Protein chains: 2
Amino acid sequence: MNPPPEDAGPMGPCLHCQVRHLAVCSVLSREEMRALDSAAALQVLAPGAVLVRQGEPRRHVYTVTRGALRLVRLSADGRRQVAGFALPGDFVGLSGAELNQHDIEALGETELCRFGVDAMQRLGTQYPHLQGKLLERACTELDSAHERMMALARMNPTERLADFLLTLAERQARAGIAGPSIDLPMPRADIADHLGLTVETVSRCLTALRNRGLIALPGTYRVDILDLRGLETLKAA
Amino acid sequence: MNPPPEDAGPMGPCLHCQVRHLAVCSVLSREEMRALDSAAALQVLAPGAVLVRQGEPRRHVYTVTRGALRLVRLSADGRRQVAGFALPGDFVGLSGAELNQHDIEALGETELCRFGVDAMQRLGTQYPHLQGKLLERACTELDSAHERMMALARMNPTERLADFLLTLAERQARAGIAGPSIDLPMPRADIADHLGLTVETVSRCLTALRNRGLIALPGTYRVDILDLRGLETLKAA
DNA sequence: CGAGCCATTGACCTAAGTCAAAATAAGTGG
DNA sequence: CCACTTATTTTGACTTAGGTCAATGGCTCG
């Protein structure tokens, strides 16, 4: 009936996009992988390209395999909020709504794996184990959303930035790009709109962190973490 | 195999707690309901009682049937964030973590329905349709978390308060308690910690809204919406 | 080489936080 | 049931963190 856990092996890479689907440490059976693959389509975006537009009907979900995406929400009066960034290995599109809640835009040249929502849903009911993984993923997202709410509600700009940098570093580490040097695929404005700040404040706080010897800024789009412990203390304090 | 949709009737109330599980408009089969019920236990909390403590192992999930809960996160240095409130009909406990991420406390006398997480997981794999509902619920939560992040990041205190009141009104309406009079089951401090403000600011903004004729404040724990349209304009602007 | 974009820095200002006190509301015990 | 105590809310005066506006500097790309 349901594929028993014994049947499940370590998940292989997707035939199309060469990335481990849904979660790095996830476990899917061979059959589940095959089913997933058959529903997948490869897609490549040029820098700045718009993948989906806020308000349009939601047709696909995605797995990022290269590059990065930003999820942007624009309010009627022009206020901008970057809900999040999707890096390689991330799953994009979990939503209960009929319409897209965000613009999704490519930050650099970006490669992704596309699934139709209906196909996904069909696969979900067909392979309960897969749906379980999806649920797990949704719950993890929910946890990190709560984390981010705490940051937005109760941390000052410097703390938010420290938190943001540490989160990025951890995500890049998990994606296999280890090392204390973080790649920022987004401009300052996106960081600002993600953290509920202004560009000026982001800039000021970055230099403040540098002056305190916690980070180095070898280039606009690169941050070296010099004092991990110090950053963590800051964020927690 | 999986109960086909044709098999599903409108979801009845839980045998134990007399509330429609998981979602008001959800649809479960008779068998699924029976399975859910068998895993459920009733629980009543006195005002202020602590249901779960941040950091303890996560053992249960809950459905609120009467009263209200608050989900509180306390950081090391004492900063407090109310991640959310659970009202009758709400589902509490969707998380990917091993440990509880929040304190959960009763706001008044509160009644709820308890499920073991392992039982829930077992039911999930057994009844894919049920798990689908859970996933749906998680996605909806995720959407509203994003909504709240927008509020925290980009709205001023008055707008946040308007948004909060409208959300509460809508939730109470969906729970069957219609009317323009909102019941606030929580003290000002909780509202403040939910919206990333101080008690003083919440108080000031409430009186400001009253002075502008948008709301009335017949009692500390009651708000009448006088100008729905006006509030909505405020929040969107 | 020049134009345009983005990041940084500085000067200034305002919205919201802090501190303090008064006014209500909610408990408590006689 | 009422007086008294304690907690919560509201209001006011003041302070400051971070936003706004404006100018400068540094890349990138045609």
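As the structure is a computational prediction, the values presented were derived from the model and not from experiment. Letters go in sequence order (proteins before strands), and every chain restarts at 1.
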Quick one: [X] [atom1] to [N] [atom2], roughly how many Å, whole number?
X: B:Leu184; N: C:dA26; atom1: CG; atom2: P; value: 13 Å
X: A:Arg222; N: C:dA7; atom1: CZ; atom2: P; value: 16 Å
X: B:Glu200; N: C:dA22; atom1: CD; atom2: P; value: 16 Å
X: B:Asp190; N: D:dA7; atom1: CG; atom2: C1'; value: 14 Å
X: A:Asp193; N: C:dC6; atom1: CG; atom2: C1'; value: 14 Å

So does B:Arg204 pair up with B:Glu200, basic N to acidic O under 4.0 Å?
->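 Between B:Glu200 and B:Arg204 there is no salt bridge, as every charged N stays at least 4.0 Å from the carboxylate O atoms.
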Would you say A:Leu231 and A:Leu209 make side-chain contact, with heavy atoms under 4.5 Å?
->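 A side-chain contact under 4.5 Å exists here.
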Using a 4.5 Å cut-off on heavy atoms from C-beta on, say whether the side chain of A:Val64 contacts that of A:Cys113.
->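 No, side chains not in contact.
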Contacts to DNA chain D from residues 208-221 of chain A, heavy-atom cutoff under 4.0 Å, which residues?
->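 Of all residues in residues 208-221 of chain A, none places a heavy atom under 4.0 Å from DNA chain D.
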I'd like a list of close polar pairs between nucleotides 16-19 of chain D and the protein, N/O only, cut-off under 3.5 Å.
unit_1	atom_1	unit_2	atom_2	d
D:dG19	OP2	A:Thr198	OG1	3.4
D:dG19	OP2	A:Thr201	OG1	2.4

Applying side chain to side chain contact (heavy atoms under 4.5 Å, CB included) between A:Val72 and each of A:Gln81, A:His102, A:Arg80, report the one that passes.
->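 The side chain to side chain contact (heavy atoms under 4.5 Å, CB included) with A:Val72 is passed solely by A:Arg80 among A:Gln81, A:His102, A:Arg80.
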Under the criterion side chain to side chain contact (heavy atoms under 4.5 Å, CB included), which of B:Asp190, B:Leu69, B:Leu45 is the partner of B:Leu107?
->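 Going through the options one by one, the only one that passes is B:Asp190.
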What pairs with B:His194 under ring pair (Phe, Tyr, Trp, His ring centres under 6.0 Å), at least two apart in sequence or on another chain?
->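 Partners of B:His194 under the ring pair (Phe, Tyr, Trp, His ring centres under 6.0 Å) test: B:Phe85, B:Phe164.
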Side chains of A:Arg154 and B:Ser75: donor-acceptor distance under 3.5 Å anywhere?
->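 No.
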Let me see the working for A:Ile104 and A:Arg70 under side-chain contact (heavy atoms from CB on, under 4.5 Å), right down to the final yes or no.
-> CA-CA 6 Å; A:Ile104 304 184; A:Arg70 66 168 168 236; over 6 Å; no
